[in-house]
Participant: 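Before I ask anything, here is the structure I am working with.
We count residues from 1, following the sequence as given. Below, all heavy atoms of this structure are taken into account, side chains as well, without hydrogens, waters or symmetry copies. All ligand and atom numbering here is 1-based and tracks the order in the structure.
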Amino acid sequence: MSARQSYEPVIGVEIHVQLATATKMFCGCELSFGDPANTHTCPVCLGHPGALPVTNARAVELAILAGHALGCTIAPRSTFHRKNYFYPDLPKAYQISQYDEPVCLGGEFVALTPGGELRVGITRAHLEEDAAKLVHAGPGGRRAGAESSIVDFNRGGTPLLEIVTEPDLHSAEDAVTFFKQLRLTLRQLGVSDCNMEEGSMRADANVSVRPVGSQELGVKTELKNMNSFRFLERAMEAEIDRQIAILEGGGKVTQDTLHYDPDSGTLHPLRSKEEAHDYRYLPEPDLVPVVPDPAWVDRLRAALPELPVDRRRRWMAELGITFEDAEVLSESAELATYFEDLAARVDPKAAANWVRGELRAQLRERDEEPWESRATPERLAGLLELLDARTINVPAAKEVLAELIERGGDAVAIVEAKGLGQITDESELDELVARLIADNPEQAQQLRDGKEKVLGFFVGQAMKATEGRADPKRVGELVRDRAGV
Ligand code: ADP
Ligand code: ZN
Ligand code: MG
């Protein structure tokens, strides 16, 4: 057994998502990404003495929605604290966050994997405000080696929901699966756009390893600075290997915060505010507790749409489509609706194949999405019916689809106008086959001698002669009959 196999990785994650509100967490400043620096600020988010914060109700609503989707208990009362530390991106010298009374507690998130279900305990989810953004001037744009740093307060005060999981994940791959499905869920609920590159979803991973079979938790490290799933997975893999090597060498893992450097693929200890140990949490005296009306909390739960995981499960069970198809077709709520609409009209498996395959391939060239295409589910269903009835063959169907995408209209009419219908007149096909056999005695003899491949030659000739309008399967049958095979 290799060293790797004798250890079990243990991973718990903390995810910050930026809530999709119009304004900041405690003031009326507009949220913006990419606007000129310091154009969305006010005394509250600049931390001027005497300015009073007011909790954004929409942020609370989105946190409750997320809490419901995560199966959490929504706290009847939650409060804010001041998390104290000094850093230039924090003008008040404290961040308003939730501490011992968060808005959401104790849930579970279920993700689907090809191998089954992945259940991850949710410890808590709490509301807080984001810090401002430091912009480092100088070569490289990084803090190290910068000539000076300036502060852009546009981001300061942005509403965040921090979701903390139990240490229930046991591989980097599972952790990424969890992130992806969580992101899909939060996006579809409109809680956040979860754009990792723009920083509206940030994930920190806590990683430890322990001997297989052990129930005790090992010493963990915390990995930061991963703004893509690829980096996240690589960083966790690298950290699991690093810890195993330390333990195998008789050493001890130290509880560090590590920073992933995507260029070198290595992890470095992080020296920053994160290492300030005592935040001296104090109750925030300027904010009233959050006490949501229970009827409102119930209404939000009742109005929750079907979650992506439930939709996938239902499709697999009721429509008989594969895990992979379900995964791809539920990537967005719009695509899921498109597929469902189509699958209600035709065979769901054919629907899945055509949407995933030809439809997306043709639309990609035009940079269009299925749900905004002229090829509506109704029109595509009309086309798939013709194919199913063998009125047209596959190449013809692709041509009709191109026309539907280009101009819309009706598949039956397009088939007629373009003369794409398959030849259904048996005698016409039979005559053609008889002629082909007479014209190619050598090949006909080979077929009689058992050279099955020659069948393809005859079918090809027939398709050529009919400009693709023959039914290849029927031609094959007729050739066999005529040749006496
Ligand atoms: P801290 O005191 O460092 O903040 P917490 O107990 O609050 O640690 O946990 C923070 C995150 O780390 C949670 O997601 C939790 O599941 C995870 N975690 C805690 N202990 C471990 C461990 N030994 N190995 C892996 N993850 C862990
Ligand atoms: Zn403001
Ligand atoms: Mg903690």
Participant: Please list, in number order, the atoms of ligand 1 under 4.0 Å from a heavy atom of Val164.
Facilitator: 13 (C), 14 (O)

Participant: Under 3.5 Å between some N or O of ligand 1 and some N or O of Pro167?
Facilitator: yes

Participant: Give the atom numbers and elements of ligand 1 that come within less than 4.0 Å of a heavy atom of Val10.
Facilitator: 24 (N), 25 (C)

Participant: Could you grab the angle centred on the Zn ion (ligand 2), going from SG in Cys45 to SG in Cys42, to 10°?
Facilitator: 110°

Participant: Would you compute the distance between atom SG of Cys72 and atom CD1 of Ile64 and round it to the nearest 0.5 angstrom?
Facilitator: 11.5 Å

Participant: Is Lys224 positioned over the aromatic face of Tyr260, cation under 6.0 angstrom from the ring centre and no more than 45 degrees off axis?
Facilitator: no

Participant: Which atoms of ligand 1 sit under 4.0 Å from any heavy atom of Gly218?
Facilitator: 23 (N)

Participant: Mind checking whether the Zn ion (ligand 2) has an N, O or S of His40 under 2.8 Å?
Facilitator: no

Participant: Check each of Thr165, Val219, Asp204, Ile122 against atom 15 (C) of ligand 1 and report the one with the nearest heavy atom.
Facilitator: Thr165

Participant: Side chain, backbone, both or neither: which part of Val13 comes within less than 4.0 Å of ligand 1 when only heavy atoms are counted?
Facilitator: backbone

Participant: Do any N/O atoms on Val207 end up under 3.5 angstrom from N/O atoms on ligand 1?
Facilitator: no

Participant: Could you see which bit of Glu222 sits under 4.0 Å from ligand 1, with heavy atoms only: side chain, backbone, both or neither?
Facilitator: neither

Participant: Using the ring pair (Phe, Tyr, Trp, His ring centres under 6.0 Å) definition, which of the options Tyr99, Phe26, Tyr281 pairs with Phe80?
Facilitator: Phe26

Participant: Sequence neighbours left out, what pairs pass salt bridge (charged side-chain N to carboxylate O under 4.0 Å, His left out) with at least one residue falling in residues 240-253?
Facilitator: Arg4-Asp241, Glu239-Arg242

Participant: Any Lys/Arg nitrogen of Arg82 or Asp286 sitting under 4.0 Å from an Asp/Glu carboxylate oxygen of the other?
Facilitator: yes

Participant: Purely on distance, is any nitrogen or oxygen of Lys220 under 3.5 Å from one on ligand 1?
Facilitator: yes

Participant: Would Ser97 and Glu128 count as having a side-chain donor-acceptor pair, cut-off 3.5 Å?
Facilitator: yes

Participant: Just heavy atoms, cut-off under 4.0 Å: does Asn206 contact ligand 1 by side chain, backbone, both, or neither?
Facilitator: both

Participant: Near Glu166, which atoms of ligand 1 are under 4.0 Å from a heavy atom of that residue?
Facilitator: 16 (O)

Participant: Check whether Asp130 reaches the backbone of Arg155 with its side chain - one donor and one acceptor, N or O, closer than 3.5 Å.
Facilitator: no

Participant: Can a cation-pi geometry be assigned to Lys83 and Tyr94, taking NZ or CZ under 6.0 Å from the six-membered ring centre and within 45° of the ring axis?
Facilitator: no

Participant: Within a reach of under 6.0 Å around CG of Asp367, are more than 12 heavy atoms found that belong to other residues, nucleotides or ligands?
Facilitator: no

